[in-house]
Student: 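Let me give you the structure first, and then I'll get to my questions.
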Amino acid sequence: MESILNNRPALATEVNKVAEVAGYLWQKGWAERNGGNITVNVTEYVDDAIKGMPAISEVKPIGTTLPYLKGCYFYCKGTNKRMRDLARWPMENGSVIRILDDCASYVIIADQPVLPTSELPSHLSVHNRLIEQGSPYKASVHTHPIELIAMTHNKKFLEKDVASNLLWSMIPETKAFCPRGLGIIPYKLPSSVELAEATIHELAEYDVVMWEKHGVFAVDTDAMTAFDQVDVLNKSALIYIAARNMGFEPDGMSQVQMNEMSVAFNLPK
Ligand code: 13P
Ligand code: ZN
């Protein structure tokens with residue numbers, strides 16, 4: 001079948017990483033039904049043939065104006081599509097979109113007119129900010145990790161850096177591989193522009209942010225590394241819960257041990 005991925009190995013590699021991550025999200029139980037979404041800025045892989053591809057959808061509004069996205073291209077999970085299906089058929093459960101010159105609308109260009117995720121305002125607002133900052137990050141992953149979401153049903157974990165410090169203290173690797181910790185965003189309506197604005201605000205300080213009682217939103221260089229940051233945080237949540245299930249509050253690493261880690265791994269805080 002004709003696909004935008006044919007004879008474009010670099011673009012195919014990025015989309016295949018999304019598919020691999022989608023499979024992990026399903027296996028972890030973080031992707032019930034259509035839960036979660038992934039977008040990747042693929043502009044660097046766009047050649048003249050792609051630039052000449054006609055729209056296969058009508059012009060659609062983003063819902064907000066994002067000046068740094070002019071002429072950019074994104075692979076996006078389709079709305080209402082399942083991660084477990086995307087894992088096998090990424091171009092039937094997602095599509096490539098082109099941002100138009102008004103920076104406020106887009107068209108779908110390949111392979112099929114699969115409508116992008118309902119969380120597009122958050123994803124694209126984040127990509128806009130990443131480009132503005134000259135960030136190397138190209139991928140954003142939203143998913144519903146069970147134990148991390150459960151923690152947000154307790155007010156004490158919604159206070160700034162309380163959950164982050166607890167999760168870091170469960171196992172040394174968490175701070176090493178999620179060095180900026182977990183930001184918290186109070187509950188907002190899914191897919192809203194308010195949620196998008198709160199997300200870009202919080203991502204100034206963190207690579208992974210929690211949407212209270214909903215899920216996490218993570219950014220990194222590609223879909224795999226964004227997933228890894230969420231995975232190490234949720235692993236720490238599982239260790240915390242395992243200790244609680246054994247009937248005790250875990251000690252956690254001491255502040256001295258945590259500081260020693262930060263120096264040894266050259267971590268930001
Ligand atoms: P979509 O199917 O539109 O991507 O929505 C899933 C989701 O998790 C919304 O927050
Ligand atoms: Zn969601």
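For ligands, and for the atoms within them, numbers begin at 1 and follow the listed sequence.
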Student: Are Thr79 and Ser191 packed together at the side-chain level, in the sense that at least one heavy-atom pair is separated by less than 4.5 angstrom?
Tutor: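 SC-SC contact between Thr79 and Ser191 ruled out.
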Student: Show the atoms of ligand 1 that are less than 4.0 angstrom away from any heavy atom in Lys77.
Tutor: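 So the answer, numbered in order with elements, is 1 (P), 2 (O), 4 (O).
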Student: Using a 4.0 Å cutoff against the non-hydrogen atoms of His144, which atoms of ligand 1 qualify?
Tutor: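 Near His144, meaning under 4.0 Å from one of its heavy atoms, ligand 1 has 8 (O).
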Student: Taking all atoms of both residues into account, what is the closest heavy-atom pair of Val230 and Val216, and its distance?
Tutor: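 Nearest heavy atoms, Val230 then Val216: CG1-CG2, 3.5 Å.
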Student: Side-chain contact, heavy-atom cut-off 4.5 Å: Leu69 with His127?
Tutor: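 Yes, at least one pair of side-chain atoms sits under 4.5 Å.
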Student: Checking a contact table here: which protein heavy atom is nearest atom 7 (C) of ligand 1, and how many Å away?
Tutor: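 That would be Asn37 ND2, 3.4 Å.
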Student: What protein heavy atom lies closest to atom 9 (C) of ligand 1? Include the residue and the distance to one decimal.
Tutor: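 Answer, as residue, atom name and distance: Glu119 OE2, 3.3 Å.
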Student: Checking a contact table here: which protein heavy atom is nearest atom 5 (O) of ligand 1, and how many Å away?
Tutor: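 Answer, as residue, atom name and distance: Ser118 OG, 3.4 Å.
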Student: Is there a polar contact between ligand 1 and Trp211, counting only N or O atoms under 3.5 Å apart?
Tutor: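 Between Trp211 and ligand 1, no N or O pair is found under 3.5 Å apart.
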Student: Using a 3.5 Å distance criterion without hydrogens, assess whether the side chain of Ser135 forms a donor-acceptor pair with backbone atoms of Ile131.
Tutor: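 The answer is no, because no donor-acceptor pair under 3.5 Å joins these two groups.
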Student: With heavy atoms of His142 as the reference, note each atom of ligand 1 found under 4.0 Å away.
Tutor: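 Listed by number with element: 8 (O), 10 (O).
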Student: Please report the shortest heavy-atom distance between Asp207 and Arg180, naming the atom on each side.
Tutor: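 Nearest pair, atom of Asp207 first, then Arg180: OD1-NH1, 2.8 Å.
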Student: I need the atoms of ligand 1 closer than 4.0 Å to a non-hydrogen atom of Thr117, numbered in the order shown.
Tutor: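 Listed by number with element: 1 (P), 3 (O), 4 (O).
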Student: Using a 3.5 Å cut-off on N or O atoms only, is Gly36 in polar contact with ligand 1?
Tutor: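 Indeed, backbone or side chain, Gly36 has an N or O that close.
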Student: Looking only at N/O atoms, are Lys81 and ligand 1 under 3.5 Å apart anywhere?
Tutor: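 So ligand 1 has no N or O lying under 3.5 Å from an N or O of Lys81.
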Student: In terms of atom number and element, which parts of ligand 1 are under 4.0 angstrom from non-hydrogen atoms of His214?
Tutor: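 Those qualifying, in numeric order: 10 (O).
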Student: Below 4.5 Å, heavy atoms only, C-beta onward: do Ile62 and Ile99 meet side chain to side chain?
Tutor: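 They are in side-chain contact.
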Student: Check this for me: does any side-chain nitrogen of one of Lys160 and Glu205 sit under 4.0 Å from a carboxylate oxygen of the other?
Tutor: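 A salt bridge is present here (some side-chain N lies under 4.0 Å from a carboxylate O).
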Student: Side chains of Lys60 and Glu58, heavy atoms from C-beta outward: is any pair under 4.5 Å?
Tutor: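 In contact.
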Student: Mind listing the closest non-hydrogen atom pair of Asn128 and Pro67 along with its distance?
Tutor: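 That closest heavy-atom pairing would be OD1-N, 3.5 Å.
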Student: For a quick test of reading the model, state the closest non-hydrogen atom pair linking Lys175 to Ser262 and the distance between them.
Tutor: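 Nearest heavy atoms, Lys175 then Ser262: NZ-OG, 2.7 Å.
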Student: Short list, please: which atoms of ligand 1 are under 4.0 Å from a heavy atom of Asn34?
Tutor: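 Going through ligand 1 atom by atom, the ones under 4.0 Å from Asn34 are 1 (P), 2 (O), 5 (O), 6 (C).
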Student: Go through Tyr187 and Trp211 one step at a time and tell me if the ring pair (Phe, Tyr, Trp, His ring centres under 6.0 Å) criterion holds.
Tutor: CA-CA 6 Å; Tyr187 184 84; Trp211 293 347; 9.9 Å; no
Student: In plain terms, say whether Glu14 and Lys17 are close enough for a salt bridge, that is, a side-chain N and a carboxylate O under 4.0 Å apart.
Tutor: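 Looking at Glu14 and Lys17, the cut-off is met.
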Student: For Thr79, take its heavy atoms, then give the atoms of ligand 1 lying under 4.0 Å from any of them.
Tutor: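 Selected atoms, number and element: 1 (P), 2 (O), 3 (O).
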Student: Pull out every atom of ligand 1 sitting under 4.0 Å from any heavy atom of Asn80, numbered as shown with elements.
Tutor: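 Every atom of ligand 1 under 4.0 Å from some heavy atom of Asn80: 1 (P), 2 (O), 3 (O).
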Student: Is a side-chain N or O of Asp47 found less than 3.5 angstrom from the main chain of Ala49, in a donor-acceptor match?
Tutor: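 Flag set: sc Asp47 to bb Ala49 pair under 3.5 Å.
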Student: Run through the protein N/O/S atoms less than 2.8 Å from the Zn ion (ligand 2) and write them out by chain and number.
Tutor: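 Protein N/O/S atoms under 2.8 Å of the Zn ion (ligand 2): His142 NE2, His144 NE2, His214 NE2.
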